[in-house]
Amino acid sequence: MLPQPMQDSKQEMGTATTAELPYHLAPESHLGQKHLPTFNLSQKTILDLLNTRCSNSYEHLKQVHALVVKTGHLQDHFVAGTLVKCYANPQFGSLDCSIKVVQQVPNPNVFVWNSMIKGCLDNEEHRKALSFYYRMVVLSCRTNNYTYPPLFKACSMEQAVEEGLQIHAHVVKNSFVEDGHVRCSGIQMYASFGRVEDARKLLDAGGETDVVCCNAMIDGYMKCGDVDAARGFFEEMVNKNIGSWNAMINGFMINGMIDKAKDYFNEMPEKDEISWSVMLDGYNRGGQFKEALEVFTEMQRENVKLRKFILSSALATCANLGALDQGKWIHTYIRRNSIPLDAVLGTSLLDMYAKCGRIDLAWDIFENMKQKKVFSWNAMIGALAMHGRAEDAFDLFFQMQRERFKPNDITFVAILNACAHAGLVDEGMKYLNDMKEVYGVEPTVEHYGCAVDILGRAGLLGEALELINSMPMKPNAAVWGALLGACRIHKNIELAEKVGRILLEMEPENSGRYALLSNIYAKAGRWDDATKIRMLMKERGVRTIPGRSMIDLDGVVHEFRIGEQTHPQSKDVYLMLGQIMRRLQLAGHVPNTSQVLFDIGEEEKQTALRYHTERLAIAFGLLKTAPGSTIHVTNNLRVCEDCHSVVKLISKIYSRQIILRDRVRYHHFSDGHCSCKDFW
DNA sequence: ATAGGGTTAG
C-alpha cells in the first residue's frame, strides 16, 4: 500500500527540531517578507552560485540559502528546487534541511517535489521518497516523467511490491510508459521483485524497442537466474550495443557460467572499460585469480585506461594470488600516474601488501593514507590478526576510536580473529561481551563462530559446546566446523563424531568436512571409520578442492597443483624436493604421513608424487631465488602438521625466511620456528 | 527553461 497520509509531519520528517537547525532555517527567517529584497540578485546568479560553489561546500550553501531567503527567491520554484537538491547532497548529511525548505515553499510545484523525492533516494531514505510522492499526490500536484524513476528505485530497494504496482498503475494512467527512463526503472524494479514476466510486459508496453530498456531486460532475466530467456532475448535483438553484450557477460558471470562469459567476451565486436571490468571481477568472484590476472595483463596490452576501480580489482587479484611483484607494479603505476589514493584504493593496496606477506609495507600505506574509512581500519586490524600480531591489532582498535571511528561488526570479526590466532581466551570472551554492552554492535553468528574457535583451540571444548548451545541464534556450519577443528587439535574423538555427523548433514557437499573427520579417525588409528567417511563422500559424489600453491617470481605467478606436473620445470622441482627431503632426514626429521595418506581424493593420483603443493612451491623458490632472500608462498588450503614441521626445518637448514599463507592465516618461518608458535 | 550521461561494473 502507498503510505498513509501523515498525521504528524514532524515524526515523518525526521527528528530535527528547530533548535538543531542552522540559524537561517529558523522560523524567524520564514518567507512571506514581500517588502524585501534590500538588494536585488537575479535568479540566474543565485542558480549559478548554487550549482557551482555549493556543490562542495556546505558553508557556501548556508550563505546562499540565507541570501535566497532575504531576497525572497524562495518563492521561485526553480530556486527552491535547486536548493532542495543541494541540501540533499549525501556528502552533507543535511536532508533534514531539504525537507525544511520544502515545508517553507508555498504550493511547491512538480520540480520542487521531484527534487525532494530524488534527494530522499540519494540519501537512501526510500520510505521518505514514497511518502513525499504520496503527499504530492494528495496535494493534487501534477507529476511528470521525472517523478517516477526514483520511485521505482525506492520500491526495489524496499522490496515494496504493493507500492510498486500502484505506482506503475499511475504511470500507465498518465501515459508515462512512453518515456524510456521511466520504463527502464520499472523493468529493473520488477526484476528486483523476481517478477520477470511483469518486467517483460512493461518493456513491450513501450512500443518501439529501446536498446537501453532491452539491456535492462537482459539484466533482469539474468538477475532472476533465467539465463536461457536472456540468451533468447539477446539473440532476437536487432539493435545491440556494447551494453547488451556487457549485460550478457555480466549475467553469465553472476550465474557462475564463466566459460560462457568468456565466449561472449571474445566474440563481441567491440569492448569497453566495462567489458574488461566485468571479466576481471567475474574471475575474482569465481576464485579464478590466475585468469583474472591474465585479463589484467591483456588490458595493458590493449591500452585500456586503468582507472581506480580496475586497479582496485586487480589488487584484489594480486592479494589472492600472493602476487607481490604484480601488486608492486600497480603501486608504481598509481604513483607515476598521480592517481589519488582514496580510501578504497588505499585499502586495496594495503590489503594486497598484507596478503602478500608484507605487513610492513601494508603498515606504511595505512599510515600514509590521507583518507581513511572504517573499512580501512578493519583491513589493517584484520591483517595484523592474520599475521598473529594480536597486541598491535588491539592497539589499532583503540587508536581508531581515538580518531572517532566507530567499530562495526567487521571490526569485531578481525579482533576476535586476532584473539583466536594468538590463543587469547580471556580477551576474546571479553570482546565478545563488550561488543554489545560497550559498543552497541550486536554479535552475529559469525562472531560466535570466532568465539567457539577461540575456546576450542585453547582446549576448552566443553565451554565451546556450551556457548554453541546458549547462543541466541541457530549455529551454522562454520560454528560447528570451528568445533570440529578444535576436536582435531585436541584429539577428542567422541565429540568429533557427534559434530561430524551434524556437519555432514548440514553441508553434504562440502568436501573439507569429510576430509577433516576422516583425518581425525585416521590419526586415532580408526582406519575403518576413516575409510567409511571417504566411501560416503564418494557415494554422494562430492568433489574435493584440489590443493594448489602459488609462488610469484619476477612478476610471473607459478602454480603447483596436487598430483599434477603441469609446471614446465616440474622435473627439476621434484628433484630439488627429493634433495631437500634427504637433507631433512639427515637432520633427523621423521616424516609423519598420517595426514598425507588420508587426504581424500588424492589416493587415485600417482602415489610417488603426492607431496603437498606448498613443498613444491618452496622447492621451486629455493631453486630460483638468491640465497638468503625471503620466499613467499600462498596455499589455498590449510597447512598440514607435517608440512608445517618440514617448512620449519627448511627455514633452518637453508637459512631462509619463508612466509607461507594458508587459507586463513600467515606463517612466518625463520630459523626453525614459526610465528604461529605451532598454534593454528 | 529547470531535472535522468537511462542500460551493462566497481
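Heavy atoms only: backbone and side chains are in, while hydrogens, waters and symmetry mates are out. A quick note: this is a predicted structure, and the numbers were derived from the prediction, not measured.
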Measure the acute angle between the ring planes of A/Tyr353 and A/His331, then classify it against the limits of 30° and 60° as parallel, tilted or perpendicular. perpendicular
Please work out if A/Asp179 contacts a base, only the sugar-phosphate, or nothing of the nucleic acid, heavy-atom cut-off 4.0 Å. base
Under a plain distance cut-off of 3.5 Å, with no hydrogens placed, do A/Tyr190 and A/His168 share a side-chain donor-acceptor pair? yes
Please step through side-chain hydrogen bond (donor to acceptor under 3.5 Å, both in side chains) for the pair A/Asn144 and A/Thr147, ending with a clear verdict. CA-CA 6 Å; A/Asn144 65 15; A/Thr147 314; 3.2 Å; yes
Hey, does A/Asn114 reach any base, or is it just sugar-phosphate, or nothing, if we go heavy atoms under 4.0 Å? base
Classify the nucleic acid contact of A/Ser313 as base, sugar-phosphate or nothing, counting any heavy atom under 4.0 Å across all strands shown. nothing
To the nearest angstrom, the CG-C1' distance between A/Asn246 and B/dT7 comes to 10 Å
Across the strands shown, which category fits A/Cys213 at heavy-atom distances under 4.0 angstrom: base, sugar-phosphate, nothing? base
Can you check the A/Met268 CE to B/dA9 P distance for me, whole Å? 13 Å
What's the CE-C1' distance between A/Met253 and B/dG10, to the nearest Å? 15 Å
Proximal nucleotide (of B/dG4, B/dG6, B/dA9) relative to the A/Val212 side chain: B/dG6
Selected nucleotide, minimal atom distance to A/Asp281 side chain, candidates B/dG4, B/dT2, B/dG10: B/dG10
Please confirm whether the shortest side-chain N or O distance from A/Arg285 to OP1 or OP2 of B/dG10 is below 4.0 Å. yes
Nearest heavy-atom pair of A/Ala80 and A/Val112: which atoms, and what distance? CB-CG2, 4.3 Å
Could you tell me the separation between the CD1 atom of A/Ile218 and the P atom of B/dG6, rounded to a whole number of Å? 17 Å
Any idea how A/Trp245 and A/Phe234 line up, ring-wise: parallel (<30°), tilted (30 to 60°), or perpendicular (>60°)? perpendicular
Distance in angstrom units between A/Asp219 CG and B/dT8 C1', rounded: 7 Å
When you measure only distances, ignoring hydrogens and angles, does the side chain of A/Asp210 come within 3.5 Å of the base of B/dG6 through a donor and an acceptor? yes
Out of B/dT2, B/dG4, B/dT8, whichever nucleotide has its closest atom nearest the side chain of A/Lys118: B/dG4
Would you call the rings of A/Tyr87 and A/Tyr58 parallel, tilted or perpendicular, taking 30° and 60° as the class edges? perpendicular
Atom CG of A/Asp122 and atom C1' of B/dG4 are separated, to the nearest Å, by 11 Å
Taking only the side-chain nitrogens and oxygens of A/Gln43, find out if one of them lies under 4.0 Å from OP1 or OP2 of B/dA1. no
Please state whether the phosphate of B/dA9, meaning OP1 or OP2, lies under 4.0 angstrom from any side-chain nitrogen or oxygen of A/Asn250. yes
How many whole angstroms separate atom CD1 of A/Ile46 from atom C1' of B/dA1? 17 Å
Which nucleotide sits closest to the side chain of A/Cys184: B/dG6, B/dT8, B/dG4? B/dG6
What's the CG-C1' distance between A/Asn241 and B/dG6, to the nearest Å? 11 Å
On a plain distance test, is the side chain of A/Asn144 in donor-acceptor contact with the base of B/dA3 below 3.5 Å? yes
Please answer whether B/dA9 and A/Phe309 are stacked, defined here as ring centres separated by less than 5.5 Å and planes angled under 30°. no
